[in-house]
Amino acid sequence: MSAANGRATVDVEGLSISYLRRRQPLRVIEDLTFSIRPGEAYGLVGESGCGKSTVAMALMRYLPQNAVVDAGRVTFAGDDLLGADGATLRRWRGSRMAMVYQDPASALNPSMRVGAQISEVYRQHRGMDGAAASKEAEAMLGKVRITDPGRILGRYPHELSGGQQQRVMIAMALSTDPELLVLDEPTTGLDATVEAEVLDLVEQLRSDFDTSILFISHNLGVVRRVCERVGVLYAGRLIEEGPSDELLREPRHPYTLGLLRCVPRRGMRKDALRLEPIPGSLPPLGADLPGCVYASRCPIARERCHVEPPPPYDTGDGRISRCHYHDEVPTIPPGEQQITPPPPSDGATLLKVEDLVKTYGTSGNSMQAVAGVSFEVRQGEVFGLVGESGSGKTSLARCLSGLVDASSGRATFEDHLDISAAEHRRNAELRRKLQMIFQNPDTSLNPRHSVRRILGRALLLLAGVKNRRERERRSLELASSVRLEPRHLQVRPSALSGGLKQRVAIARAFAGEPALVLCDEPVSALDVSVQAAILNLLLDVQAERKVSYLFISHDLNVVRYLADSIGVMYLGQLVDVGPARAVFDPPHHPYTEALVSAMTTLEDSGGSRPRIKLGGPMPSPSDPPSGCRFHTRCPRFLGDICRDEAPPWQRDGEGHQYRCHIRPGELSGLQRANGASPDEPQAATRRDHPPKENGRQG
Amino acid sequence: MEGRDATAVTVRPEAPGSPGRREGFGDLALAAASSKTFLTGAAILVFWVFMALFWGVVAPYDPQAVDPTASLAPPSGEHWFGTDNLGRDVLSRVLAGASSVLTVAPLGTALGMVGGIAVGLVTGYYRGRVDDVIMRVVDALLAFPLIIIAVLVLSVLGSSKVNVVLVIGVVFTPIVARTVRSAVLSEREREYVAAARLRGESGGYIMVSEILPNILSPIAVEATIRLGYAIFTSATLSFLSLGIQEPSPDWGLTISLGRVYLQAAPWVVVFPALALATLVVAVNLVADGLLQAVEE
Amino acid sequence: MGRFLLRRLWLSAITLLLVSVVLFVVAEVLPGDVGRTILGPFATNAQVAQLNQELGLDRPLPVRYADWLGNFVTGDWGQSFLLNTPVRSLVVERMVNSLLLGAFALAFIVPVSIGLGVLAALYRDRFIDRAISVTGLSLIALPEFVVGVIVLVIFAVELGWFPVSSQVPSANPVDVFRQFLMPSIPLMLVLFGYIARMARAGTVEALGSDYVRTAVLKGLSRRALIWRHVLRNALLPTISVVSVQVGYLFGGLVVIETLFNYPGIGKLLLDSAVGHDLPVLEASVLVVAVLYMLSNLVADSLYAVLNPRIRVGR
């Protein structure tokens with residue numbers, strides 16, 4: 001029954017899949033060939049729309065109804081998968097092949113206890129009775145490191161945290177020790193620390209189970225951690241494949257190289273290196289491209305690339321590249337390294353927030369989303385605000401922007417404007433000077449209005465441009481300042497790509513010469529190649545207009561790259577705040593330490609550094625823990641003092657302060673004692689980076 | 001179709017490169033126009049609207065012309081649908097009968113839509129106390145079956161065309177308001193509304209120029225569904241002798257009066273009943289076609 | 001769960017209170033000057049005022065309302081103008097008759113509609129789905145009196161299988177069928193349209209959900225899949241649909257009972273409305289509203305019991 005040695009668990013050959021839209025077939029997967037060996041973890045990476053989920057569904061034989069397999073063969077442990085009948089599939093699924101996907105909250109049946117959902121698999125495939133299946137389910141929950149599995153069995157999915165739900169999904173998938181496990185973006189949408197836990201678990205389980213894994217992700221760092229081999233998908237084609245470390249260290253396809261260059265690496269800062277976005281955009285679905293699909297965006301494309309599709313070239317060491325000029329890829333020079341000079345800052349305080357509180361709900365059932373936050377943003381700086389979901393960073397932004405009233409506390413802007421009042425009590429000057437960029441450009445631009453109307457309206461109200469002709473002129477100006485073309489003015493947002501839409505949103509925020517722009521996760525909804533362009537744009541506009549940003553993000557890599565100062569929020573409180581380097585290198589607060597530790601970057605491959613684990617789930621903001629709010633999960637928990645006493649602010653004298661009972665310098669001692677040295681990750685990066693990056697370690 | 005098996009009873013249609021939710025009114029009309037359900041319904045509806053306007057040209061006889069010699073005559077070459085107790089031509093009366101219901105129902109619907117959209121926009125956008133109170137009143141009104149309110153009000157105010165229109169409009173207002181309000185509630189959470197507030201737009205501008213254009217699809221669907229109910233209701237009220245009064249050839253009224261001759265002359269009742277059925281089914285087909293287009 | 005139900009109870013109470021206000025305004029205030037109406041245009045103003053005083057109509061509206069509501073709550077529903085009998089026993093008796101008829105229709109059609117709705121969803125876009133959906137859609141559209149007239153013509157008049165007017169049946173099941181089948185058919189057809197449609201929609205949604213995908217990919221048998229994973233989640237919303245239909249049912253009963261001459265609350269309501277028998281009209285409407293609220297409460301409780309998200313509180 002199980003795969004013989006040497007035979008691939010999954011063998012995909014020349015697979016082509018189309019979707020029918022209005023009876024028109026649109027090719028989404030083109031001539032895909034790859035195989036996964038027994039026990040191997042194979043990563044499939046690509047941006048949205050590249051077809052990776054279609055591949056996953058094809059392997060489970062669960063394609064949508066409008067999908068057509070045009071050509072190709074898929075064998076599963078030597079048996080034909082595409083031709084298998086319903087009974088065979090039912091026998092295989094859940095027993096020999098299993099899948100875990102994004103958003104575990106909706107993947108579990110809301111009206112069934114977790115235990116019943118897991119034991120169902122044993123009853124179906126192992127013929128066990130209820131009691132035996134339930135015992136197995138409990139044991140399985142233990143294997144995915146869930147605390148107190150007996151109790152979890154009797155819970156409904158909505159009673160579990162996101163991390164626990166995903167563990168249950170993984171337990172369910174692995175319960176019958178399948179030959180193939182498909183993980184489709186299993187950590188997307190989870191918080192960084194939870195993502196890290198789930199990834200750790202997958203790594204650990206790989207040694208317990210002999211399962212082949214297809215790991216699908218848009219995140220190169222994540223894939224590198226988990227997988228031995230990686231395939232890169234672009235527009236439905238596998239454009240490069242190879243062992244993950246080698247492939248990501250020295251890509252042989254310009255697209256892979258582009259992907260690597262457009263994400264900020266560890267230690268990379270805006271004043272040292274500029275991000276390199278990939279020009280252009282993904283070809284539309286079903287586009288008829290005679291040559292290489294990447295040719296239009298490729299820096300080394302020539303005549304031949306536009307007419308002749310590249311075959312899979314074998315580049316040695318088990319690597320494949322679909323690029324005619326794969327030899328030249330390592331020599332592609334980095335793009336123009338023109339660094340945006342940071343705007344001259346006089347260091348004056350622009351925004352001063354004092355003890356701001358935001359409470360939602362009524363007295364009986366209230367929740368303090370922001371619990372007394374104080375900080376300052378200086379003129380011309382980027383203040384990065386990080387924290388996981390539930391930390392209150394978005395509530396804080398909504399208070400500052402004026403979308404909601406603050407419950408108490410003060411916020412002053414330019415020393416004289418009180419901004420703790422909501423937007424309808426603000427005056428025109430304040431509105432003009434304080435604007436916001438939202439996360440999702442699909443919803444932040446009115447789909448019924450043209451770009452011209454969106455910008456014109458902002459100019460009318462924020463810049464007071466009453467004359468129509470003048471407004472048109474200024475709209476064009478504004479558009480060009482965010483690198484939009486005049487033709488973009490007449491279309492509606494739906495005709496624009498995600499990156500272009502976000503440019504419109506940025507232009508709108510800048511209509512009235514703002515002094516402070518709140519950026520609420522402005523690149524989180526965008527693909528990585530577009531992210532880089534937007535981040536560069538934000539920096540360019542900042543240099544031109546001398547604006548400050550309050551930049552909210554869950555992505556530590558981005559914040560580290562961009563921010564001059566950083567605030568870390570946990571359960572409504574600011575727990576760590578100061579200059580970026582002082583906060584992160586090395587971290588002083590245990591929560592910051594855990595966040596840094598949870599970062600997945602391109603530099604480290606699987607298991608190279610011990611991870612700092614947070615105990616337990618995030619407590620509810622409506623019932624925060626006593627003493628230090630972080631004590632229930634703190635890996636550096638000292639004892640009763642953390643439980644009983646609110647921690648003091650510790651200051652290092654250079655503007656960095658954090659709220660903890662551990663004094664400056666003490667944390668590194670604790671780290672050494674626990675064997676988790678903060679130096680290790682730095683050591684791991686040492687070989688990849690110029691010496692100046694290490695100089696700070698001193 | 002390949003790649004699917006019997007176990008996968010119905011799979012969520014994945015939509016790569018799909019335009020997402022329908023945005024425009026034009027898109028909606030386009031999608032609806034390609035549905036057979038919608039087209040069938042629209043064709044029948046157009047037929048009856050034409051009759052309501054031009055029955056005078058089409059009808060073979062004067063619908064009010066009494067002919068005592070031909071009382072309760074069965075269908076024949078002369079009178080295709082037979083005659084009623086006064087010898088009036090049933091076919092002509094059926095054709096003419098469309099006009100009363102197609103006046104009362106659309107007017108009542110329009111009244112209810114206008115009121116409902118206004119109330120729904122305001123309560124949905126401003127929320128708070130006003131919203132709470134209005135929604136309680138809406139619940140209270142919804143606790144009565146439509147017919148019962150109509151019976152109650154018409155018996156107090158007296159029955160006339162105008163009163164029927166008013167009753168339908170007033171009863172529809174809260175129902176429409178509820179639909180509009182829930183659409184507004186989800187729409188106002190979108191960030192373009194936040195952006196409009198941050199640049200200092202007034203509440204009126206945001207409701208009318210930002211939100212309203214984005215909820216036209218559910219409003220269109222609601223309007224069609226309401227029209228169906230309005231026809232249903234106005235016919236029922238006529239049947240209960242609380243609506244349109246004699247000598248109108250209104251279908252509900254004709255059926256009510258013709259019941260007496262059911263055994264002797266079923267055609268007096270059957271043809272208006274069929275006419276009414278086709279009209280209401282047509283409106284529902286249109287509504288369903290629109291709904292499918294919106295959900296697609 | 002307790003809190004959820006308590007909140008529901010509280011909301012129902014408020015809504016009922018509002019219902020009574022609306023009813024009071026429509027029935028007692030809208031008609032205008034009652035004294036003038038009774039005495040006619042030739043009476044002097046003094047005469048009108050005196051009559052109004054005798055009737056207690058000169059008192060402030062809130063006092064009149066409180067008085068009016070107090071009488072209802074204490075069980076004093078007054079005398080019928082037309083029949084000269086106490087209103088309470090009359091309304092209660094007619095209500096029981098209507099409930100019997102309504103229960104008959106519901107007991108028959110709810111399981112059938114749910115079954116066919118689910119069936120349509122399972123065979124989505126196939127012939128059987130089209131047939132069920134289009135039938136349902138057409139049936140919703142047919143006013144009860146149209147269907148009622150047609151079944152009367154065919155089964156009572158032409159074939160003579162059933163009586164032309166229905167009576168309250170005896171306990172004999174054959175008699176129950178004989179009396180109730182005809183009047184309940186128009187009600188059932190409309191109910192079928194709604195309930196089947198909602199059951200289909202709920203099932204279609206559940207079938208497209210991520211958790212059903214999980215279940216399919218577990219390799220479960222089709223039966224386990226549908227019974228354990230689809231139906232329970234799919235039919236939860238149908239519960240509230242059925243309870244809303246109870247409200248509709250009373251509207252339908254007005255027409256049906258009139259058509260079939262059945263002594264229920266609907267006919268009483270219409271007769272009292274036409275005959276301006278205000279005490280009976282008000283009592284009937286209030287009783288209908290109370291019953292509608294009760295059915296909603298029952299549905300809410302059932303929903304809460306079956307839905308772990310509410311049962312197992314946050």
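Numbered from 1 within each chain, the chains take letters A, B, ... in sequence-line order. Basis for what follows: all heavy atoms, side chains included, without hydrogens, waters or symmetry-related copies.
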K.L.:
Closer than 4.0 angstrom, basic N to acidic O: yes or no for B/Asp288 and C/Arg197?
P.N.:
yes

K.L.:
Which one of B/Leu152, B/Val269, B/Val153 has the most heavy-atom pairs closer than 4.5 Å to chain C?
P.N.:
B/Leu152

K.L.:
Relative to chain C, which segment of B/Leu276 carries a heavy atom at a distance below 4.5 Å: side chain, backbone, both, or neither?
P.N.:
side chain

K.L.:
Could you tell me how the ring of B/Trp48 sits relative to the ring of B/Trp251: parallel (under 30°), tilted (30 to 60°) or perpendicular (over 60°)?
P.N.:
perpendicular

K.L.:
Where on C/Val19 is there a heavy atom nearer than 4.5 Å to chain B: the side chain, the backbone, both, or neither?
P.N.:
both

K.L.:
Please classify the contact of C/Phe250 with chain B as side chain, backbone, both or neither, using a heavy-atom distance under 4.5 Å.
P.N.:
both

K.L.:
Side chain, backbone, both or neither: which part of C/Ile14 has a non-hydrogen atom closer than 4.5 Å to chain B?
P.N.:
side chain

K.L.:
Any donor-acceptor pair under 3.5 Å linking the side chain of B/Thr40 with the backbone of B/Lys36?
P.N.:
yes

K.L.:
Measure the spacing between CZ of B/Arg178 and CD of B/Glu222 and express it to the nearest 0.5 Å.
P.N.:
10.5 Å

K.L.:
Anything under 30° is parallel, anything over 60° is perpendicular, the rest tilted; go ahead and classify C/Tyr248 against C/Tyr194.
P.N.:
tilted

K.L.:
Output the option from B/Leu157, B/Thr236, B/Leu154, B/Thr37 having the highest count of non-hydrogen pairs under 4.5 Å with chain C.
P.N.:
B/Thr236

K.L.:
Taking every heavy-atom pair that is under 4.5 Å apart, which of C/Ser133, C/Ala27, C/Ala273, C/Pro143 has the most such pairs with chain B?
P.N.:
C/Pro143

K.L.:
Quick check for you: among B/Val270, B/Ile147, B/Val156, which has the greatest number of heavy-atom pairs under 4.5 Å with chain C?
P.N.:
B/Val156

K.L.:
Could C/Arg124 and C/Asp129 be called an ion pair, given the rule that one side-chain N must be under 4.0 Å from one carboxylate O?
P.N.:
no

K.L.:
Assess B/Arg226 against B/Tyr229: is NZ or CZ under 6.0 Å from the centre of the six-membered ring, and within 45 degrees of the ring's axis?
P.N.:
yes

K.L.:
Which one, C/Val146, C/Val255, C/Leu137, leads in non-hydrogen pairs under 4.5 Å with chain B?
P.N.:
C/Leu137

K.L.:
Does any heavy atom of chain B fall under 4.5 Å from the side chain of C/Leu281, the backbone, both, or neither of them?
P.N.:
side chain

K.L.:
Look at B/Arg127 together with B/Asp132 and state whether they make a salt bridge at an N to O cut-off of under 4.0 Å.
P.N.:
no

K.L.:
I need the residue from B/Gly228, B/Gly258, B/Ala235 with the largest number of non-hydrogen atom pairs under 4.5 Å to chain C.
P.N.:
B/Ala235

K.L.:
How long is the span from the OG1 atom in B/Thr224 to the CG atom in B/Asn284, to the nearest 0.5 Å?
P.N.:
9.5 Å

K.L.:
Where on B/Leu285 is there a heavy atom nearer than 4.5 Å to chain C: the side chain, the backbone, both, or neither?
P.N.:
both

K.L.:
Please classify the contact of B/Val151 with chain C as side chain, backbone, both or neither, using a heavy-atom distance under 4.5 Å.
P.N.:
both

K.L.:
Under 4.5 Å heavy-atom distance to chain B, tell me which part of C/Glu144 shows up: side chain, backbone, both or neither.
P.N.:
both

